[in-house]
Amino acid sequence: MFILRPQISPSTSTPPSFYSLLKDRYILVAAGSLCIASMAIGVLESTLPIWMTGTMCSPAWQIGLVFLPATVCYLVSSTLFGMLSHKFGRWLCCLLGMVLMGISLLCMLPAVTIYGLLLPLAVTGISLGIVDSSIMPMMAYLVDLRHSSVYGAVYAISDMALCFGYAVGPSAAGAIAQAIGFRLLMVIIGVLNILYAPLCILLRNPLGKEEKMALLSQDSIVPSHVRRKP
């Protein structure tokens with residue numbers, strides 16, 4: 001604030017109500033994909049180290065480093081797909097990310113050493129990066145298209161979905177894994193991601209208010225392919 005010295009002026013747009021955003025089916029689909037993808041990572045973080053200790057007798061250094069591939073790949077993919085999702089369509093990248101997340105979780109089942117987990121964990125990091133970098137701009141596009149150009153509430157919903165996934169995943173995963181086993185839990189979470197992915201097709205051409213569609217179509221600053229491929 002001291003260096004950039006932002007100029008703050010009152011907004012002329014009426015912000016959409018939080019309740020109206022929660023009733024928007026497109027925003028709910030986008031928030032759900034973010035929640036389910038982050039829930040998968042939360043489940044892994046709380047159950048994978050215990051499973052490695054019990055089945056692989058992994059030393060402490062392996063348990064400490066097992067999530068390094070996922071972290072590095074997340075950083076790379078979230079940066080890369082921030083640009084690619086704009087080109088190929090954010091709905092398509094989100095769908096691809098959720099399918100990859102489900103497949104990577106299922107590919108962990110045959111692993112008997114840490115080396116069998118490295119590639120699936122790297123793919124989980126890539127998948128979460130794809131979903132994150134696609135959904136956040138999608139939220140802004142949806143609120144522009146269907147409501148008003150005030151973004152505080154819609155980004156609050158995004159953060160709520162992300163935090164809900166990270167909260168529910170670790171809090172429930174331990175008890176569920178103890179009851180049904182780690183492998184079956186991975187099957188459930190993986191299949192859930194794959195089954196949810198087709199809902200992202202709804203985000204391909206979301207319907208907007210007529211006056212908002214006219215405004216966006218006359219905007220010469222935003223390229224036409226951005227509007228066609230949210």
Side-chain angles (χ1 to χ4, degrees), residues 29-81 93-136 158-200:
V29 168
S33 63
L34 187 61
C35 177
I36 292 175
S38 61
M39 185 186 301
I41 301 298
V43 168
L44 271 179
E45 289 177 349
S46 60
T47 57
L48 183 60
I50 300 174
W51 181 70
M52 290 175 62
T53 302
T55 61
M56 300 179 183
C57 299
S58 300
W61 69 268
Q62 288 186 358
I63 296 175
L65 292 177
V66 69
F67 287 104
L68 182 61
T71 304
V72 173
C73 291
Y74 172 80
L75 292 174
V76 173
S77 66
S78 60
T79 303
L80 182 62
F81 276 89
C93 291
C94 184
L95 188 152
L96 175 64
M98 297 200 71
V99 171
L100 285 177
M101 177 69 76
I103 294 174
S104 65
L105 294 176
L106 296 177
C107 288
M108 293 182 189
L109 304 182
V112 293
T113 65
I114 186 176
Y115 303 106
L117 294 173
L118 295 182
L119 181 58
L121 283 171
V123 177
T124 60
I126 293 173
S127 305
L128 186 61
I130 294 174
V131 175
D132 277 358
S133 60
S134 301
I135 287 299
M136 292 303 184
S158 302
D159 285 343
M160 287 171 57
L162 187 69
C163 293
F164 185 79
Y166 277 117
V168 172
S171 61
I176 297 175
Q178 187 176 9
I180 65 176
F182 174 81
R183 287 187 169 89
L184 184 55
L185 177 60
M186 290 300 102
V187 170
I188 294 173
I189 301 298
V191 171
L192 179 62
N193 275 268
I194 294 173
L195 292 179
Y196 192 91
L199 290 178
C200 296

Under the side chain to side chain contact (heavy atoms under 4.5 Å, CB included) rule, what do Ile180 and Ile188 come out as? Steps first, then yes or no, please.
CA-CA 11 Å; Ile180 65 176; Ile188 294 173; 3.7 Å; yes
Do you know the tightest heavy-atom contact between Ser77 and Gly129?
OG-CA, 3.4 Å
Result block: side-chain N/O donor-acceptor pairs under 3.5 angstrom for residues 104-123, not counting sequence neighbours:
from   : atom 1 : to     : atom 2 : distance (Å)
Ser104 : OG     : Leu100 : O      : 3.2
Ser104 : OG     : Met101 : O      : 2.8
Thr113 : OG1    : Tyr115 : N      : 3.4

Drop me the distance from Ser78's OG to Leu128's CG, to the nearest 0.5 angstrom.
8.5 Å
Without placing hydrogens or testing angles, list every side-chain donor-acceptor pair under 3.5 Å for residues 29-48, not counting sequence neighbours.
from  : atom 1 : to    : atom 2 : distance (Å)
Ser33 : OG     : Ala30 : O      : 2.7
Ser38 : OG     : Leu34 : O      : 2.9
Ser38 : OG     : Cys35 : O      : 2.9
Ser46 : OG     : Gly42 : O      : 3.2
Ser46 : OG     : Val43 : O      : 3.1
Thr47 : OG1    : Val43 : O      : 2.6

Can you pull out every ring-ring contact (aromatic ring centres under 6.0 Å, His included) where at least one residue sits in residues 33-53? Sequence neighbours excluded, please.
Trp51-Phe182
Kindly list each side-chain donor-acceptor pair under 3.5 angstrom involving residues 161-173, sequence neighbours excluded, with atom names and distances?
from   : atom 1 : to     : atom 2 : distance (Å)
Ser171 : OG     : Ala167 : O      : 2.7
Ser171 : OG     : Val168 : O      : 3.1

So, using side chain to side chain contact (heavy atoms under 4.5 Å, CB included) as the criterion, who are the partners of Thr53 when residues are at least two apart?
Ile63
Measure the CD1-SG distance between Ile126 and Cys73 for me, rounded to the nearest 0.5 Å.
4.5 Å
Please list, chain by chain and in numerical order, all residues satisfying side chain to side chain contact (heavy atoms under 4.5 Å, CB included) with Pro59, sequence neighbours excluded.
Trp61, Gln62
Do the non-hydrogen side-chain atoms of Leu75 and Thr79 ever get within less than 4.5 Å of each other?
no
Pairwise distance CE(Met186) to CG(Leu184) - rounded to 0.5 angstrom
10.0 Å
If you look only at pairs with a residue in residues 126-136, which of them pass as a side chain to side chain donor-acceptor pair (under 3.5 Å), with sequence neighbours excluded?
Tyr74-Asp132
Sort out for me which residue in Leu195, Ile103, Leu192, Val131 forms a side chain to side chain contact (heavy atoms under 4.5 Å, CB included) with Met98.
Val131
